[in-house]
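Structure first, then comments.
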Amino acid sequence: MSEPQRYDITKILEQMRADYWHNLETAVPDELADQTDYMIVAFGAQRVGLPAAACREVLKLPRIVKVPRLPRHLPGIINLRGEIVAVTDLRPLLKLDAAAPTAGFRLVVIAAGSMRTALLVEKVEGLRTIPARAVEALTEGSTHDAADLFHGKLEDAGGGLLLLDVGRLLTRPDMVIDQKQLARDTAE
């Protein structure tokens, strides 16, 4: 009869720790550089990846103050710790049905440079790292007018995932409100 094998747990853990640090040190920098973290959000069945570097915070839905004569994709403004921030709803731009927000909706504050907005989303799924080689370019003549908002797409188990270009979104002409024109329209 053989004697039971004994394990030196301390030695095994030390070896695992050494292997872990060795693998981190020898990781190919190009592999790490060609990956981007995205916050995955959903608008009904449509899923969108927001670059995590552009996401500032996720908020429970506060009171949104409606502003007269704004386009449908700008449903109003919020007070974010003393700063007035416009709320953006991508659903009208994507030609998706826009139901009234519920308590489950969230605002994801995104920024590029000095521009920022609070993006109204139905659900936040979480963070995901996506390698650049997995991203497909959008085809010419994409199906909706807002195709210029996205720099690529990804087919995955959850269906299609569009990857938002936050800089393009925030610099679109229909995202900047001309306050002088708004005042002239109101005076008429």
Side-chain angles (χ1 to χ4, degrees), residues 36-80 83-128 130 135-156 158-182 185:
T36 304
D37 291 330
Y38 288 90
M39 178 180 293
I40 310 302
V41 298
F43 304 92
Q46 180 62 63
R47 295 168 60 232
V48 174
L50 310 173
C55 298
R56 299 297 178 248
E57 58 188 303
V58 177
L59 308 169
K60 287 185 176 182
L61 196 61
R63 179 174 166 260
I64 297 174
V65 178
K66 297 198 181 305
V67 178
R69 300 187 182 186
L70 287 183
R72 281 186 30 185
H73 65 276
L74 296 171
I77 58 175
I78 61 168
N79 180 341
L80 183 62
E83 183 181 349
I84 302 302
V85 177
V87 175
T88 301
D89 187 353
L90 285 181
R91 294 174 300 173
L93 295 175
L94 299 175
K95 307 285 191 254
L96 298 172
D97 294 333
T102 65
F105 277 52
R106 297 289 182 255
L107 290 177
V108 179
V109 179
I110 57 174
S114 64
M115 303 286 290
R116 96 161 74 192
T117 191
L119 197 60
L120 181 67
V121 301
E122 292 179 30
K123 182 171 85 171
V124 175
E125 292 182 7
L127 290 174
R128 180 169 172 196
I130 299 175
V135 176
E136 300 174 33
L138 292 178
T139 58
E140 292 280 333
S142 290
T143 57
H144 48 74
D145 298 334
D148 66 316
L149 294 177
F150 304 98
H151 66 84
K153 65 180 180 176
L154 177 73
E155 295 298 326
D156 63 1
L161 177 67
L162 293 173
L163 303 176
L164 184 71
D165 185 322
V166 173
R168 286 184 199 164
L169 170 68
L170 294 175
T171 58
R172 277 177 65 121
D174 56 353
M175 292 298 292
V176 178
I177 304 302
D178 183 350
Q179 292 179 356
K180 291 179 184 176
Q181 181 63 43
L182 197 59
D185 291 346

For Val166 against Ala54, the heavy-atom pair lying closest together: CG2-CB, 3.8 Å
Sub-4.5 Å side-chain heavy-atom contact between Arg91 and Leu120: yes
Nearest heavy-atom neighbours spanning Cys55 and Leu50: SG-CB, 3.8 Å
Check: Arg56 side chain, Ala53 main-chain N or O, donor-acceptor pair, under 3.5 Å: yes
Leu90 side, atom CG; Phe43 side, atom CZ - distance, nearest 0.5 Å: 4.5 Å
Rounded distance [0.5 Å steps], CG in Asp89 versus CD in Glu122: 8.5 Å
Side chain to side chain, Leu74 and Val87, heavy atoms closer than 4.5 Å: no
Rounded distance [0.5 Å steps], CZ in Phe150 versus CG in Leu162: 5.0 Å
Closest non-hydrogen atom pair between Val85 and Ala118, with its separation: CG1-N, 3.7 Å
Note, Val135 side chain near Thr36 side chain (heavy atom, < 4.5 Å): no
Close side-chain approach of Ile130 to Leu161, heavy-atom, < 4.5 Å: yes
Distance (rounded to the nearest 0.5 Å) between Leu163 CG and Ile40 CD1: 7.0 Å
Heavy-atom side-chain contact between Arg106 and Lys60 under 4.5 Å: yes
Atom pair CD/NZ of Glu155 and Lys153 - distance to nearest 0.5 Å: 5.5 Å
Minimal non-hydrogen separation, Ala42 against Glu125, with atom names: CB-OE2, 4.0 Å
Donor-acceptor contact present, side-chain Arg116 to main-chain Val109, <3.5 Å: no
Leu119 and Val48, any side-chain heavy atoms less than 4.5 Å apart: no
Closest heavy-atom pair and its distance - His151, Leu164: CD2-O, 3.7 Å
For the student: nearest non-hydrogen atoms of Pro62 and Leu107, plus distance: CD-CD1, 3.4 Å
Approximate separation, where rounding is to 0.5 Å, of Ile110 CD1 and Glu57 CD: 12.5 Å
